[in-house]
Every structure is written in C-alpha cells, then in structure tokens.
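Working notes, structure below.
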Amino acid sequence: MDLQLIGMQLLSGAVLGAVLVMTALGFTIIFGMLGVVNFAHGALFMVGAYAGVMVAMQTGSFWFALLVAPIAVGAIGLLIERFLIRPLYSRPPDDPILLTFGLGYVLVEGVRIVFGNDGIPFSTPSALVGVVNLGIGYFPIYRLFVIGVVALILVLLWLGLEKTRFGLIVRAGARDPQIMRVLGVDMRRLWFLVFGLGIGLTALGGVLAAPMRNVSPEMGSIVLAEAFVVTVIGGLGSIAGAVVAGILVGLVVSMTSLFAPEMATISMFALMALVLLIRPQGLFGRASI
Amino acid sequence: MTIQPLEGTSSPEQSRMAIDGLIQVASAWRVPLTVLALSVLPWVLPSKALAVNVLIYGTFAVGYNLLFGYTGLLSFGHAAFFGGGAYLTGMSIVHFGFNWLAALSAGIVGALLLSVVMGVLSIRTRGIYFSMVTLALAQLVYYTALQASSWTGGENGLRGFTVSKIDVAGLRIDFLNPLHKYYVVLVFTALALWLVSRVLNSSFGAVIEAIRENEGRARACGYDVERTKLLSFILSGGICGLAGGLSALHLAIVPLDTLHYHTSGLVVMMTLLGGMGSFFGPFVGALAFLVMEDVLSLWTAHWQLFVGAIFILFVLFLPKGIWGTIMGLGVR
C-alpha cells in the first residue's frame, strides 16, 4: 500500500470528519444548552437541504442559498420551540424525544407531498467544480470549501460563546438555569434563541451536504444515526467533543473503506461501541450526566 | 396516585367502589381477559391479516412496554430484536432446514443473545444517552444485515421460507388459512402475556417499577439497579424476538426495513398511543395504530403525516395514552 494513497485517504477522512462535525453541531448545541434530544434532527437536516436546493434553483445563486436557507429553517426552528418544545420543559426528559420523533415523520412526509418521493439532483456550484492538486494527489475543490466553511463556523461559534456577553449567559444557563433565573435572566427567551440557532446550523449542514449526498426525503435517517454516533463518542453536549469525535469518526470510516469498503458504515458504529465500553460518558463528557 | 372526589355524580362513593372493584377483578384476570378479547378479534376487524398483525405487533408492544413502560427506559433499538428474531427464524428455515417451531425458538434465542450484547453496552450509559445508544446499535445491526446479503438477502429482504403446514401433536394445521394462522399465533401471544403478567406480579416486577419511579432510591434500598435493568432489557428483547419470529412466519418474507429504526419508532408509538406502563395499553395501542394505518392508507398515500401529527398531539395532550386516560377517568 503506497503512502500517497494513505495520505489521500487521511485527507478525505478529515473532510468526511468536517461534514460529520457539521452534522452533529446543531444537535449538540441544542442538547448541551436545553437538554433536549432532538430526534427530528435528521428530518430538519433534510429540510435544510431541500430549502437550499429550492433557493439556489429560484435565484440561481448557491451563495444566497447558503445564507437564506439556514435562516428560513432556523425560523421554523423558533416556531417548533415556541409551540411544541416549550410546553414540555417541565415534563420528563423522554417527552421531547417522543415529540421530536413524531415531528420527524411529519416533516419527511410533508416534504414527500410537496417534492415527491424521489430525490432531486443538485450539482456542485460552478465556482467550486473541479479538482486541485495538493502534491499528493487531486482533491475536489468543493470538499476543501466545506472544510473552510466548517472551520469558519466553529471559529464564529467559539468567539460567540467565549467572548460575548450573550455567550457568557448561554454557557452559564447550560450549567445552572435555576441560578440564572434567580439572577433575572429570561431563560425561556434564551432557550428559544439557542434552539433556533441549533436548527439553523443543522439546516446549514443540510445545504452544504446537498451537492455531496443524494437529496431525498430519506436522507435524514442516516444523518440522525451519524449525529448520535458523533455525539455519543464526543460526550453529550460538548462542542469540542463533537469536533474531535467527528474528525475521528471521519478518519476511521475513511481508513476502513480503504481496506474493507463493505465495513465502512459499520466501522462508525463499532467505534461507538468501543468508546462506550472504555468510557461510557464519551471522550469529553463529564461522568455525572 | 391521587384520589380526588368524583364530581357531579349522585353517589360518588358507590360508583367509585364499583369501578375500583371492577378494576381489581379485571387486573386479577388480565391474561384470560385479554386472550378472550383477542379471540374474537378476527370477526370484528375488516380483514384476518390485519388481525394477525394486531397480535404480532401487540406482542411486540407488550415486550417493549416491559422496558419502556415499567422500567422507564426509552429504547429506540427494539427493531434489532424484532428484526433479529424475524431474520433468525427465516434464516434457520432457509439455510438450515429447521422446522417452524425450532426456527421460532432459534429466533427467540438469537434475539436474547442480541439483547445481552446491546444491553451490556447501553445500560452502562445513563438517562438520555440510552435512547441514542440503542438507536445507533440497532442501526449497526441494520447495516450488518444489509452487507451480509448472502445470508440475509440484503436489500431485497429474506425470501423463500413459506411455511404452509404445521404439525402440532399429530394435528396438521393449514398455516395458509388466515384463521388457523391467527389462533396459532394467539397461543404464542397468550404465552408471552402470561410470562409478562407473571414477571410484573413478582418481586422483580416491583423492583423495575421502583427503578422507574426513583432510581436513586432503589439503589439506596440495596437493589442492583444495573443488573435489574439488564435483566428487564433481555426479557423485553426476547419477547420482541418472539414477535419478530411470528411476523416472519406470517409474512413468509423478512423485509430489510424490519431492522430499520422506523420499526423501533412504530413500537414506541403503539405503546405510547395505548398507554405505557399499563397491561392492556400496548394491545390497545397496536390495535388503534394498525386500524388507523389500515383506514388512512386507503384514503391517502401520505398516512404517515397523520400518524406523526397524532403522535405529537398524544405526547402534548394525552401522555398516558388511550388506555391510561380511560383508567385515569375511572380512578378519579
């Protein structure tokens, strides 16, 4: 096995990792801040991809779609929080899981009614078509672009959470909502906004994935499983954990597909099982969750 | 449970006592009563195949309810046990030429083994993790079945094991006759119901409910919470494996989708619809769900939209389900 091939495979593993990080990010943020496990995550990812394709087809601009679709789906997320999730905050933690699971059915079936059962083709935007020579081999430009966008989002997220007053309140709220309420912070408004942000990021993941994955009503079901695997490996609610786990899973899947292609999807779940055996709370998780 | 006085009745004491008495008698005779109600089902429902499905999914939901309703663990991985039981039953006939009873037993044993492995991995995680880990592990089983196509038939599902006649104690039963099939399946459903009822009445049944109500307190009382949860997980998996095996014998095909997490979602919905943590609830839920599916799918191809919406409404407004809500009215 020559080194160049392994080098290329490592790189495409890192790209796959970036996509997986993007897949799990919105899910992790919503869980970390609100304690809500969003089982409609895959469906909302799919809705994001459809929204992106629609905007791009109407306006002819992928860049516009990249901006508008996440905002539009994020707004739907705000409505979901207000009318469906908010009544459940005082209920057992299983109830939001059940509700979002039902919501997933509604979203998938809704998309089927509007756009049909078959997937819709979506090609890579013309500015990002082609390959670039990286010295060890040729690599699709679009995939490098995805890494760039994911890195940008992570930096923005980090700055937002660590350097702003809003981020400070969000972090404190995740740690102890009770104390924040005593201090006079309106937690409901905070959760409302964070949920919208999480869904917006999920939709952005969908738009970015549209040229790489088949855009179909079922595309969310594998996304949901992927998000779970990444989040469980990284540790629930930890953004750093999601990043490390996403890249780790990407590398493992990519290397497995080099040696045993038929085991590629399975390797992701096997890695999760291994982490659960050694460290049940995940790589970055606190033992007390 | 809080007991509040019933308003608007002339003699609240009397009617409450009568209802309480009725409930007590009903719960003492719950297995015979359920079997009795089920034995008239084929004549009530529009089709015999639907009735067989109610039995199979009812058994599935009863097994699932042991874990979700009584132990308080929300698993999204029970498709692995239902599907695993179905696949192993079918594969035992296709690849090894087992007779139907041996194949069904193989399906149950397989589901039990699978639930030991999945249980050991997922019980280690706490609370909200559990739902995600069970779903992911079940997807692992799904993708394994997809890849091992020489054994499982891959995407096309497992075919070629039609059971047409079965011999029971010298008696030859035509398994293609839906009515005969119904009563054969009912025997197994009755056995599963008896087992679950027996488990719930035992001290083990009391411990799993204690864990559901307050895990910390159960632990402080000296119960081995992890072991009890695991045992409940395995029992539940075995019963779901039985349901899966019966479904394989019924359909004479195992579609790959049987292992998909949508199947897990199906049983979650049925259990919640009927009323989790109640003995009759899962069957009421399976019946309600399948009849709803039957009616809606005649009318629209997008019946899942309504299923999802109804499910959301139940979570929001009727979290105790149909049966739980009816019983709540009676108790109050």
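Chain A is the first sequence line, chain B the second, and so forth, proteins listed ahead of strands; every chain is numbered from 1.
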With a 4.5 Å cut-off on heavy-atom pairs, point out which of [options] contacts chain A the most.
options                                : result
B:Tyr142, B:Phe306, B:Phe311           : B:Phe311
B:Ser131, B:Gly308, B:Pro319, B:Ala309 : B:Gly308
B:Ala301, B:Gly265, B:Gly72, B:Ser122  : B:Gly265

Tell me, side chain or backbone of [X] under 4.5 Å from chain A's heavy atoms, or both, or neither?
X        : result
B:Leu272 : side chain
B:Phe314 : neither
B:Ala138 : neither
B:Gln304 : both
B:Val268 : side chain

Distance check, rounded to the nearest 0.5 Å: [X] atom [atom1] versus [Y] atom [atom2]?
X        : Y        : atom1 : atom2 : result
A:Glu262 : B:Thr144 : CD    : OG1   : 11.5 Å
A:Phe228 : B:Tyr261 : CZ    : OH    : 7.5 Å
A:Phe101 : B:Leu135 : CZ    : CG    : 8.0 Å
B:Arg124 : A:Arg279 : CZ    : CZ    : 11.5 Å
B:Phe76  : A:Leu224 : CZ    : CG    : 9.0 Å
B:Leu121 : A:Leu274 : CG    : CG    : 9.5 Å

Please classify the contact between A:Leu88 and chain B as side chain, backbone, both or neither, with a heavy-atom cut-off of under 4.5 Å.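 Contact with chain B involves the side chain of A:Leu88 alone.
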Pick one of side chain, backbone, both or neither for A:Pro93, based on which atoms fall under 4.5 Å of a heavy atom in chain B.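 Interface part for A:Pro93: both.
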For [X] and [Y], which heavy atoms make the closest approach, and how far apart are they?
X        : Y        : answer
B:Ala136 : A:Val229 : CB-CG2, 4.1 Å
A:Glu109 : B:Leu305 : CG-N, 3.3 Å
B:Tyr129 : A:Val232 : OH-O, 3.6 Å
A:Tyr105 : B:His262 : OH-O, 3.7 Å

Greatest number of heavy atom pairs closer than 4.5 Å to chain B - which of A:Ser221, A:Ala225, A:Gly110: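 So the answer, after comparing A:Ser221, A:Ala225, A:Gly110, is A:Ser221.
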Top contributor to chain B contacts, counting heavy-atom pairs under 4.5 Å, from A:Ile113, A:Thr265, A:Val37: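 With the most close heavy-atom pairs to chain B, the winner is A:Ile113.
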More than 12 heavy atoms from other groups under 6.0 Å of [atom1] on [X]:
X        : atom1 : value
A:Met180 : CE    : yes
A:Arg86  : CZ    : yes
A:Arg171 : CZ    : yes
A:Phe115 : CZ    : yes

Going by heavy atoms in the side chains, are [X] and [Y] under 4.5 Å from each other?
X        : Y        : answer
B:Leu137 : A:Met272 : yes
B:Leu316 : A:Asp95  : no
B:Met132 : A:Thr231 : yes

Relative to each other, are the rings of A:Phe269 and B:Tyr143 parallel, tilted or perpendicular (30° and 60° limits)?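 The rings of A:Phe269 and B:Tyr143 lie parallel, inter-plane angle below 30°.
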If only atom types and distance count, is the side chain of A:Arg91 paired as donor or acceptor with the main-chain N or O of B:Val315 below 3.5 Å?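 Flag set: sc A:Arg91 to bb B:Val315 pair under 3.5 Å.
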